[in-house]
Amino acid sequence: MKLTVLGCGDAFGNGGRYNTSFLLTEKKEHVLIDCGASSLIRLKQESIELEAISMIVISHFHGDHFGGLPFFLISSLFENRREAPLSIVGPPGVESRIYALQEAMYAGTGDLLGELDIQYHEYGNDWLDITDKRVMGKPVEHSELSIPHGIRLEWRGKTFAFSGDTSWTDNLIPLSRNSDLFICDCNFLHEQAFGHLCYDEIVARQEELKCDNIWLSHMGNSMLNFEGSVLNGLKDGMKIDF
């Protein structure tokens with residue numbers, strides 16, 4: 001399976017990085033993990049056909065993580081008409097949130113979403129089984145109104161995990177345990193603040209995460225200027241086979 005980093009920046013675009021969005025690819029099928037506002041631009045730069053994206057998984061309702069959906073959906077409606085089904089997975093209320101965002105960004109297009117074959121799925125207490133994929137969302141510690149979740153995806157023999165935006169929570173342990181690849185929020189270097197992790201915390205708790213393949217994302221300036229990290233930092237455009 002291949003990971004393409006469409007964007008791994010923080011909310012402020014520090015380092016000139018794009019909004020959070022990760023593309024998983026297996027045998028010409030794609031799953032999109034988060035869809036920040038810049039995602040359609042990056043998908044086009046990578047020459048990805050939207051029709052080949054079968055699922056979009058949203059961690060929480062902040063613009064740098066789901067604000068790209070209206071652009072993705074108007075392209076699917078008007079530019080290259082989408083015929084294939086699309087599963088969108090997210091926190092409770094995902095369908096109404098997407099409709100409201102669509103109307104806010106492109107007034108009058110919300111009702112047109114019904115012309116696309118979209119199935120909405122909400123995180124709960126158990127795994128979601130969707131075609132050949134299993135998805136679990138666990139609540140994490142970020143802005144409460146954004147309904148933040150970390151994500152664990154099992155697909156074709158591989159397990160991908162993503163912390164979402166969060167400060168430390170013990171829910172990161174089952175999310176990351178024995179995953180083939182775990183992407184972890186790391187906004188700060190030393191500062192501990194609600195809503196985001198810092199590098200010092202992650203290093204101190206690395207053994208608890210039970211994953212040998214950890215990559216850091218959502219890095220602010222203190223992290224981007226840090227040299228000598230013992231953990232891997234993502235960059236936009238990076239491709240990782242796992």
Determine, for K239 against E46, whether the closest basic-nitrogen to carboxylate-oxygen distance falls under 4.0 angstrom. yes

List, by chain and number, the other hydrophobic cluster members for M136, where Ile, Leu, Val, Met, Phe, Trp and Tyr join if side-chain heavy atoms come within less than 4.5 Å, directly or indirectly. W127

Mind checking what makes side-chain hydrogen bond (donor to acceptor under 3.5 Å, both in side chains) contact with S75, not counting sequence neighbours? E79

Taking atom CG of L32 and atom CG of L24, what is their separation to the nearest 0.5 Å? 8.5 Å

Hey, could you give me the CG/CD1 distance between D34 and I56, rounded to the nearest 0.5 Å? 10.5 Å

If the condition is side-chain hydrogen bond (donor to acceptor under 3.5 Å, both in side chains), which residues does H121 pass it with, not counting sequence neighbours? none

Rounded to the nearest 0.5 Å, what separates atom CD in Q45 from atom CG in L40? 10.0 Å

Are H149 and H60 close enough that their ring centres sit under 6.0 Å apart? no

Please report whether the ring centroid of F182 lies less than 6.0 Å from that of F162. no

Kindly list each side-chain donor-acceptor pair under 3.5 angstrom involving residues 188-195, sequence neighbours excluded, with atom names and distances?
from: H190; atom 1: ND1; to: D200; atom 2: OD1; distance (Å): 3.4
from: H190; atom 1: ND1; to: D200; atom 2: OD2; distance (Å): 2.7

Is D236 salt-bridged to R17, cutoff N-O under 4.0 Å? no

Residues passing the salt bridge (Lys or Arg N to Asp or Glu O under 4.0 Å) test with R156, sequence neighbours excluded, are E29, D132

CG of L50 to CG of L86: how many Å apart, nearest 0.5 Å? 9.5 Å

According to salt bridge (Lys or Arg N to Asp or Glu O under 4.0 Å), who are the partners of E26, at least two apart in sequence or on a separate chain? none

What's the spacing between L216 CG and C8 SG if we round to 0.5 Å? 10.0 Å

Verify same cluster id: I48, I41 (apolar side-chain graph, 4.5 Å): no

Is the side chain of T25 donor-acceptor paired with the backbone N or O of H30 at a distance under 3.5 Å, no angle test? no

Kindly compute the distance separating NE2 (H142) from OG (S163), expressed to the nearest 0.5 Å. 10.0 Å

